[in-house]
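Labels below follow one simple rule: chain letters A, B, ... track the order of the sequence lines, proteins then strands, and each chain is numbered from 1.
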Amino acid sequence: MSLNKEMDFGTPAVEGVDVVVTVDGIPVTVPDGTSVMRAARMVGIDVPSLCATDSMAAYGSCRLCVVEVEGMRGTPAACTTPVRDGMVVHTQSEKVGKLRRGVMELYISDHPLDCLTCSANGDCELQDMAGVTGLREVRYGSGVEAGANHMNLLTDSSNPYFDFEKSKCIACSRCVRACDEIQGTFALTLDGRGFGTTVSPGGTTFMASECVSCGACVQACPTATLQEKSVVQLGTPTRSVVTTCAYCGVGCSFRAELRGDELVRMVPAKSGGANEGHSCVKGRFAFGYASHPDRVLEPMVRESFTDEWRTVSWDEAIQFTARRLLEIQKEHGQGSIGGITSSRTTNEEVYVVQKMVRAAFGNNNVDTCARVCHSPTGYGLKQTFGESAGTQDFRSVDKADVILVIGANPTDGHPVFGSRMKQRIRKGAQLIVIDPRKIDLVRTPHVEATYHLPLQPSTNVAMVSALGHVIATEGLVDEEFVAERCEGFDAWREFISRPEHSPEAVAHITGVDPELVREAARLFASAPNGAIYYGLGVTEHSQGSTTVMALANLAMATGNIGRDGVGVNPLRGQNNVQGSCDMGSFPHELPGYRHVSDDTARGMYEALWGTTLLDEPGLRIPNMFDAAIDGSFRALFVQGEDIAQSDPDINHVHAALAALDLLVVQDLFVNETAKFAHVLLPGTSFLEKDGTFTNAERRINRVRPVMASPTGKQEWEIVCEIAQAMGYPMHYDNASQIMDEIAMTTPTFTGVSFARLDEAGSLQWPVNDDAPDGTPIMHTVDFTRGKGRFVPTPYVPSPERSTRKYPLILTTGRILAHYNVGAQTRRTDNVAWHPEDILELHPHDAEVRGISNGDTVTITSRAGTTSLTAKIAERMPVGVCYTTFHHPISGANIVTTDNSDWATNCPEYKVTAVQVALRTGGTPSADEQVGVPVAVAGH
Amino acid sequence: MSHDKPSTVRYAHDIAAQFRYLPDDEASAAVANHIRLSWDPRMRRQLDAEVDAGGELDPLVRKAVDLLRQTAPR
């Protein structure tokens, strides 16, 4: 249920030839196969219903939507009856009115009539239908007086976010179907038969069940049966603001529903282009961190990071920051200071930080947290396609015939898109999973991968090249596509056809049966539409950029670019990774991915910003750390990123931060990085921001302020004030003006403005004269660079290898309930699902070490040692162990190394040689626990 | 972690390893171009210093540094 309901047509839209039907005398043109209910509602005739909703297939159980159709016998259900050309429908008559009231009498006779004190009072479809059908009496009585009933069923309050009040259930099955059809978890069922039928989460409580708490069932419930606890506690919301989720790169749209200034609940928006009404446990429920008492609301300053913090006014904090930056620059040179932008902030906030660095600092020492996640995507796709972005919209997966997922775990990392992918697979698309682990997609209810290629960590290039080898040598190339649209193919074909790239030749590297590789390659190449989806399991390697290019080669060789259902699709980790990169956060690129040596682009900014800009790249994040230790880099502005938690080889990072003369942190909390800071500038949560996020499909979504910032300032205002205090004029009246400047200077954003976004809902860049309504699918006619470019991809082994001393490979990832370093989700009830990080390892690896489930184990690498609780997991391959990185105490970044992608320096988080040993008690010794225990990264 | 080589040398070697499949002249040009487009000038100067100091360097990196010196950073 939700406030301010979006229009619900009762059944999903269908595709077909247009037919004309008449509903209550009104002609309506709809595609053949449309339901009578949908046709009626399209012309504003609201046929009553309880079990129907347009996000799910028609079910036909409630019998409230009965209508009369001329020429048809009886009273068919409008939801399950498809229209035919010339059909004449009557939705209101004495006959159907009587039938509907009869149905309502039965529902009400088994319903507690506590409407005035019910949490859904005023927001209840059963209540609405009683009114719509004109119900005036219930001949059987109601509640216990009606005889047999369900009033004594106990409420299940086990889920921290919603209650299951069984006595109010009308068994319409909307929750069960939402779990099946939308989420794809199949956690709910209708238990029993006839009058005894009840909804059940598998015969147990919600928390003990398979439920993933996505909220689809709560959204679907027409009564108070499944209700947010926040609504029970606070009451029905009274107003709403449409905004964008602050978690992963799917970028779901939500209606933030409030009572006054208090946020009651987040309801996924059906109009959201990325999520179309679906959500996950994070976006739907985990927003409590925004009002957590840990938030810092006033600026703080100190001379040394060993001093106590001193709360100061905004003016003092800004003047202190500007003065110290200028002093340091005067003493140590123009290049001695820099800044880092965040993928959790808006495009506008990122843009002003990079502008401050380039124009006010006078250098290019600006980088972004995408450095440690998807920088190889930017490099690899620009080299091959000419644009640093994925090629498709999410909707495109609905047309895919074969889906190749490599180095991604969408059901945990990108759950709303993961559900969409599972919907497509249940409808018949085939799936190839390339991953060391048996991730859920390999086998989950009603989804099973046709091929799972369980490769060794760090061997992606060898594997993808082997797929390319099969395609090139078995006549599977789309010769016409390649000839017309690509270049460099002959050299690539010669390279990839060499025997050393065959599946048989690389089997000793990848560890995968070569025949499986051949069969998978044939399946992908022969599909009418083959789509590639990948994540950090591709990018966070020493050859991350090479694998991205290898995947691009694969898509071009098979002609899988430029239309629905195909493409190369990076699943971005954070909500604005794409946007932060678009906005010129990299030290070598101005906004729109134009190199700083591009005289035309640089000249335009010089003219607009009134200052000279450097034409050589600045420092990347790891280079900043090295330069801080060698003394040439002395001051750093960090916007909303916790580098002291998230970056690899944490002892090195801490040494670098401790060496700085000035560290300025802009964040919601006193995070690990702030422990080394001299200035803490309180930031704004996504509920207070005004701006835009750009998701993994290049979709620019508005982020609207749901409530006023408790700090009194927007983050972009603070940055502008620092620049001005340094003597560089930088002022905007509002965030909209920043977007106007972005649009004026960035060719792919020419047609973007807040007004245009408000009108369209969202836009996918490029948005310009050639594509005024945006570009859901790229490279449809030409590639951005003209011809798609094949790039040979030699396999270069990672320098990180298992040895006798470190015989296992540790790889990391994230889990559904948490987000990255957990700064947000750990401050919500999501900890109920994942109170600590654990180390998963194969039964064999556990047995030879004497490790049992629940044991505390030490994990030691060349970089350091930490401790975790062990879990024995069949999904792990022998020789590989896995942990998440959501809790500071886990300290996985103590053990990760400083190896990085050759092209971008993206850290190789996914490959660390370790030894795991049973810890026999006591606290870790100084030798064991090297460094401060903090959480590992990955975005 | 401690290393026996400066990070700039490790980075340069990583880049060289990726282009080694090309003929030598093309490979060194590719390495030089990658460094030119993505490295801060002070990192190029550090690599220069390693060459001058007679450090143990991949020949491909040495050739790339020669090419980079033709467009020396400020």
Side-chain angles (χ1 to χ4, degrees), chain A residues 333 335-336 338 363-365 375 379 461 491 495 498 542-543 545-546 549 586-589 595-597 614-620 622-627 629-630 632-633 648-649 651-652 791-799 861-864 895-905, chain B residues 1-50 52-53 55-61 63-65 67-74:
Chain A
S336 63
N363 62 47
N364 287 319
N365 293 334
S375 50
Y379 178 85
V461 170
F495 170 88
R498 294 175 193 167
S542 62
Q543 281 202 293
S545 292
T546 311
M549 294 188 289
F586 289 135
H588 66 298
E589 285 176 334
H595 198 269
V596 292
S597 63
L614 294 188
D615 63 356
E616 298 221 51
L619 295 168
R620 297 167 170 174
N623 311 147
M624 292 179 189
F625 297 149
D626 290 341
I629 288 172
D630 75 23
S632 68
F633 189 74
D649 192 11
N651 295 325
H652 181 68
V791 178
T793 51
Y795 170 65
V796 178
S798 166
S861 75
R862 295 176 183 88
V895 297
T896 54
T897 72
D898 60 357
N899 296 327
S900 65
D901 173 47
W902 66 271
T904 65
N905 287 141
Chain B
M1 290 181 74
S2 61
H3 294 278
D4 54 356
K5 293 191 180 75
S7 56
T8 46
V9 173
R10 286 190 292 118
Y11 295 156
H13 282 179
D14 288 348
I15 297 165
Q18 302 298 320
F19 291 114
R20 205 178 307 286
Y21 75 94
L22 291 168
D24 254 18
D25 282 354
E26 287 180 46
S28 55
V31 173
N33 193 48
H34 188 83
I35 290 174
R36 183 184 297 115
L37 290 174
S38 55
W39 281 24
D40 180 271
R42 82 190 76 177
M43 295 169 65
R44 287 170 56 180
R45 284 194 290 269
Q46 285 170 3
L47 191 59
D48 273 355
E50 282 296 318
D52 291 342
E56 192 181 327
L57 285 172
D58 186 318
L60 208 48
V61 173
K63 283 186 74 173
V65 170
L67 291 171
L68 284 166
R69 281 177 168 167
Q70 294 165 24
T71 54
R74 280 182 297 274

Review point. Does Arg620(A) use its side chain to pair, donor to acceptor, with the backbone of Trp39(B) at less than 3.5 Å?
Key: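 No: the side chain of Arg620(A) does not pair with the backbone of Trp39(B).
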Exercise for review: Applying side chain to side chain donor-acceptor pair (under 3.5 Å) between Ser7(B) and each of Asp630(A), Asp626(A), Asn905(A), report the one that passes.
Suggested key: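 The single option meeting the side chain to side chain donor-acceptor pair (under 3.5 Å) with Ser7(B) is Asp626(A).
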Exercise for review: Evaluate the side-chain proximity of Asn365(A) to Asp40(B): yes if any heavy-atom separation is below 4.5 Å, no if none is.
Suggested key: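 Result yes, sub-4.5 Å side-chain heavy-atom pair found.
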Practice item. Answer with side chain, backbone, both or neither: which region of Arg20(B) has an atom nearer than 4.5 Å to a non-hydrogen atom of chain A? Key: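 No part of it gets close to chain A.
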Between [X] and chain B, which part of the residue has a heavy atom less than 4.5 Å away: side chain, backbone, both or neither?
X         : answer
Phe625(A) : neither
Phe586(A) : neither
Glu589(A) : neither
Pro587(A) : neither
Ser632(A) : both
Ala627(A) : side chain

**Study point:** Neighbourhood of chain A inside residues 21-30 of chain B, taking heavy atoms under 4.5 Å as contact
**Key:**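 Residues in range: Tyr21(B).
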Review point. What's the verdict on side chain to side chain contact (heavy atoms under 4.5 Å, CB included) for Arg10(B) and Asp898(A), showing C-alpha distance, side-chain angles and the deciding distance?
Key: CA-CA 11 Å; Arg10(B) 286 190 292 118; Asp898(A) 60 357; 3.4 Å; yes
Check your understanding: Does the pair Ser900(A) and Tyr11(B) meet the rule for a side chain to side chain contact (heavy atoms under 4.5 Å, CB included), with working shown?
Key -> CA-CA 8 Å; Ser900(A) 65; Tyr11(B) 295 156; 4.0 Å; yes
Review point. Should the pair His34(B) and Trp902(A) be assigned to parallel (<30°), tilted (30 to 60°) or perpendicular (>60°) ring geometry?
Key: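 His34(B) and Trp902(A): tilted rings.
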Exercise for review: Could you tell me which non-hydrogen atom of Pro41(B) sits nearest to which non-hydrogen atom of Pro617(A), and how far apart they are?
Suggested key: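 Shortest heavy-atom contact: CD-O, 3.3 Å.
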**Study point:** For chain B, the option from Gly335(A), Pro622(A), Pro799(A) that forms the most heavy-atom pairs under 4.5 Å
**Key:**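 Winner by heavy-atom pair count: Gly335(A).
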Practice item. Drop me the distance from Asp901(A)'s CG to Gln18(B)'s CD, to the nearest 0.5 angstrom. Key: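 These two atoms lie 8.0 Å from each other.
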Practice item. State plainly whether the residues Arg44(B) and Glu616(A) are in salt-bridge range, i.e. N to O under 4.0 Å. Key: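 Judged by the 4.0 Å cut-off on N to carboxylate O distance, Arg44(B) and Glu616(A) do form a salt bridge.
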Check your understanding: Please walk me through it: do Leu37(B) and His588(A) pass side chain to side chain contact (heavy atoms under 4.5 Å, CB included)?
Key -> CA-CA 7 Å; Leu37(B) 290 174; His588(A) 66 298; 5.8 Å; no
